[in-house]
Number of protein chains: 2
Amino acid sequence: MDILSRNIQDYLKHIYALTEDGGAASTTDLAARLGVAPASVTGMIQRLANAAPPLVEYRKHQGVRLTPHGEKAALEVIRHHRLLETYLVTMLGYSWDTVHEEACRLEHVISEEFESKIAAVLGHPTHDPHGEPIPNEALEMPADQALPLSALRPPQKALILRVRTENPALLRHLEQLGLVPGTKIQVVGYSSFDQNLTIHITQARNLQHVIGFSISSQIYVALQSFP
Amino acid sequence: MDILSRNIQDYLKHIYALTEDGGAASTTDLAARLGVAPASVTGMIQRLANAAPPLVEYRKHQGVRLTPHGEKAALEVIRHHRLLETYLVTMLGYSWDTVHEEACRLEHVISEEFESKIAAVLGHPTHDPHGEPIPNEALEMPADQALPLSALRPPQKALILRVRTENPALLRHLEQLGLVPGTKIQVVGYSSFDQNLTIHITQARNLQHVIGFSISSQIYVALQSFP
DNA sequence: TATTATTTTTAGGTAAGACTAAATTATTTT
DNA sequence: AAAATAATTTAGTCTTACCTAAAAATAATA
């Protein structure tokens, strides 16, 4: 298992995402993300677990996690992806809702030389245009204490760190609302019935939006100490 | 045959190169270029000829040429490749002997949006770093009356237009000699025994090199009218 | 025309995925 | 605890997209 196919790289990338919280990734979740049948996932997982060296740790019915080897491979792909997104937006004028697709294709083919050259041109960025952290050259993920906006309650204040979605329509919507990384907000309302949050954008005088859980759970923020 | 595999794209690219002179491309030549057995080429050629629409015109034992459809596909790949080479050298500091490999991988995955964005950033270049013409957006190849340096005899003068090789070692060698696109030269010697040419570099006072046929036949020039 | 070189055919192989259907195992609910 | 539901795995197939070696056919050349 010397060179990993694009497909395998994608599996690893998604397993990484599903296990970031510390748990294991289930067959079904992986299948849903990858758009294939659960049985296909089991098959691939078995291949990954039996590879030398093993890329995942797998016990039947318990889900998978990445081995150190698998994690390294996943981080390599993720670094490629996020550097590419940053490059495309910064240097080629891509909009943040269209970069994902292009980066998904390029991430599997660029060389280490390409990676290091765009990293240098960009000044070794630590976050991509969506605010996602970019693993450094040693593949260490910059840590931050982000929590989902959906966890906040009035009158908490926060700084938007990242937007965890690739849905182009949603990204355009968020951009319109001004809910992008770097924006300072205050939660001014919460409805326990539908979990809607009312968000006030600190910088703008009269800007206020009501957003549902499916949106607020995808926006990650850092709490601002309340004076 | 809606989306063409990388492999097919490579076949088309090489068929294009082998038929630029007007002739047909032979199975053996193609096999040699692609690094596969002749039988494999025959098989693939038949697939390409039977595709809808057909990508090549093929009669047994007569070699292949591209159909208009196949040519269009080939030019698309070639445009990608040459724009990428130009971009990598100009914007990311690649050296002209290392770009080829990177471009070969990227050429198959970039979108039309990517293509048009780098073309714009570069100011719609007509030639790549090796002097090879870049098809324009309409996939028309810029014409020029280049002829191989090996065809010149003393005391003809010429301008180097392009260097038709991807061999990194040879490219480095040529760069050292100063035999790069844009250089003005004069042929000051010819040996009919070994076909060696003695080349004087016009701009430099005392620079003179003796080069063999295997090199001079890969350098393409435009004749300069002799005053 | 005989020989050589090239090309094509034949027959078969591999690797990477994906799929369905049936069987098994876990988890809930009654 | 038994039954029902949900999730997972097995087993067996299929497709695609190549590749190859050896034999046969064709074309080119001495």
Side-chain angles (χ1 to χ4, degrees), chain A residues 1-15 18-19 23-66 70 73-74 77 104-105 107-109, chain B residues 1-15 18-19 23-66 70 73-74 77 104-105 107-109:
Chain A
M1 197 57 85
D2 204 18
I3 241 170
L4 306 178
S5 74
R6 282 150 228 273
N7 233 290
I8 289 178
Q9 290 180 18
D10 281 338
Y11 268 85
L12 296 176
K13 195 173 66 171
H14 283 113
I15 294 171
L18 287 173
T19 55
S26 80
T27 304
T28 322
D29 288 358
L30 256 176
R33 267 182 172 257
L34 292 159
V36 299
S40 310
V41 171
T42 303
M44 177 61 99
I45 282 173
Q46 287 167 348
R47 269 180 62 204
L48 298 180
N50 296 328
L55 296 162
V56 301
E57 194 181 303
Y58 167 62
R59 271 174 314 152
K60 289 185 196 177
H61 299 278
Q62 308 295 132
V64 268
R65 4 180 132 247
L66 296 169
V77 180
C104 267
R105 275 177 283 108
E107 67 190 7
H108 306 294
V109 305
Chain B
M1 198 56 86
D2 203 17
I3 242 172
L4 306 178
S5 74
R6 283 149 228 271
N7 233 291
I8 288 179
Q9 290 181 18
D10 280 339
Y11 268 85
L12 296 176
K13 195 173 65 170
H14 283 112
I15 294 171
L18 288 171
T19 55
S26 80
T27 304
T28 324
D29 289 357
L30 257 175
R33 266 182 174 258
L34 292 159
V36 298
S40 311
V41 171
T42 304
M44 176 62 98
I45 281 173
Q46 287 167 347
R47 268 180 64 201
L48 299 180
N50 296 328
L55 296 162
V56 301
E57 195 181 302
Y58 167 62
R59 272 175 312 154
K60 288 185 199 179
H61 298 278
Q62 307 296 129
V64 269
R65 358 179 137 250
L66 297 169
V77 180
C104 266
R105 275 177 284 109
E107 67 189 6
H108 306 295
V109 305

From [X] atom [atom1] to [Y] atom [atom2], the distance as rounded to the nearest 0.5 Å:
{"X": "A:Thr42", "Y": "A:His61", "atom1": "OG1", "atom2": "NE2", "answer": "9.0 Å"}
{"X": "B:Met44", "Y": "B:Asn7", "atom1": "CE", "atom2": "CG", "answer": "5.0 Å"}
{"X": "A:Ile8", "Y": "A:Ile3", "atom1": "CD1", "atom2": "CD1", "answer": "11.0 Å"}
{"X": "A:Ile15", "Y": "A:Arg33", "atom1": "CD1", "atom2": "CZ", "answer": "10.5 Å"}

**Message:** For a side chain to side chain contact (heavy atoms under 4.5 Å, CB included) check, start with the C-alpha distance between B:Leu55 and B:Leu12, then their side-chain angles and the critical distance, and finish with the verdict.
**Reply:** CA-CA 8 Å; B:Leu55 296 162; B:Leu12 296 176; 4.2 Å; yes
**Request:** Tell me which of A:Ser5 and B:Asp29 sits closer to the 5' end of DNA chain C, going by the nucleotide each one is nearest to.
**Result:** B:Asp29
Name every donor-acceptor pair, under 3.5 Å, that has one atom in a side chain of residues 45-52 of chain A and the other anywhere in the protein, sequence neighbours excluded.
residue: A:Asn50; atom: ND2; partner: A:Gln46; partner atom: O; Å: 3.0

**Message:** side chain to side chain contact (heavy atoms under 4.5 Å, CB included), that's the test. Do B:Val64 and B:Leu30 meet it? Break it down for me.
**Reply:** CA-CA 10 Å; B:Val64 269; B:Leu30 257 175; 4.1 Å; yes
Can you tell me the distance, in whole Å, between the [atom1] atom of [X] and the [atom2] atom of [N]?
{"X": "A:Arg59", "N": "C:dT24", "atom1": "CZ", "atom2": "P", "value": "22 Å"}
{"X": "B:Asp10", "N": "D:dC19", "atom1": "CG", "atom2": "P", "value": "10 Å"}
{"X": "B:Arg6", "N": "C:dA16", "atom1": "CZ", "atom2": "C1'", "value": "14 Å"}
{"X": "A:Leu30", "N": "D:dT9", "atom1": "CG", "atom2": "P", "value": "11 Å"}
{"X": "A:Gln9", "N": "C:dG17", "atom1": "CD", "atom2": "C1'", "value": "15 Å"}
{"X": "A:Ile8", "N": "C:dA16", "atom1": "CD1", "atom2": "C1'", "value": "9 Å"}

**Request:** Note every stem involving DNA chain C: at least three consecutive Watson-Crick or G-U wobble pairs, i with j then i+1 with j-1, with both distances under 3.5 Å.
**Result:**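 Stem segments, range with range: C:1-30 with D:1-30.
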**Item:** Which atom of B:Leu66 lies closest to which atom of B:Ala74, heavy atoms considered
**Value:**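 Between these two residues, the closest heavy atoms are CD1-CB, 4.0 Å.
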So, is [X] near the phosphate of [N], with a side-chain N or O under 4.0 Å from OP1 or OP2?
{"X": "A:Arg47", "N": "C:dG17", "answer": "yes"}
{"X": "A:Tyr11", "N": "C:dA16", "answer": "no"}
{"X": "B:Ser26", "N": "C:dT6", "answer": "no"}
{"X": "A:Asn7", "N": "C:dA16", "answer": "no"}

**Request:** Not counting sequence neighbours, which residues clear salt bridge (charged side-chain N to carboxylate O under 4.0 Å, His left out) with A:Arg105? List them please.
**Result:**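 Listed in chain order: A:Glu102.
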**Item:** A:Asp10: partners by salt bridge (charged side-chain N to carboxylate O under 4.0 Å, His left out), with sequence neighbours left out
**Value:**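 Listed in chain order: A:Lys13.
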**Message:** Keeping A:Gln9 on the side-chain end and A:Leu4 on the backbone end, is there a donor-acceptor pair under 3.5 Å?
**Reply:** yes
**Request:** Using heavy atoms and a sub-4.0 Å distance, could you list which residues of residues 38-46 of chain B are near DNA chain D? By number, please.
**Result:**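 B:Ala39, B:Ser40, B:Met44 - these, ordered by number, are the residues of the stretch whose heavy atoms sit under 4.0 Å from the strand.
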Tabulated below should be each protein N or O lying under 3.5 Å from an N or O of nucleotides 26-28 of chain D; please produce it.
none

**Request:** Taking side-chain contact (heavy atoms from CB on, under 4.5 Å) as the test, write out the residues that go with A:Ala39, two or more places apart.
**Result:**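 With sequence neighbours excluded, A:Ala39 shows a side-chain contact (heavy atoms from CB on, under 4.5 Å) to no residue whatsoever.
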**Asked** Nearest of C:dT20, D:dT20, D:dT9 to any side-chain atom of B:Val36?
**Response**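 Ranking C:dT20, D:dT20, D:dT9 by closest atom to the B:Val36 side chain puts D:dT20 first.
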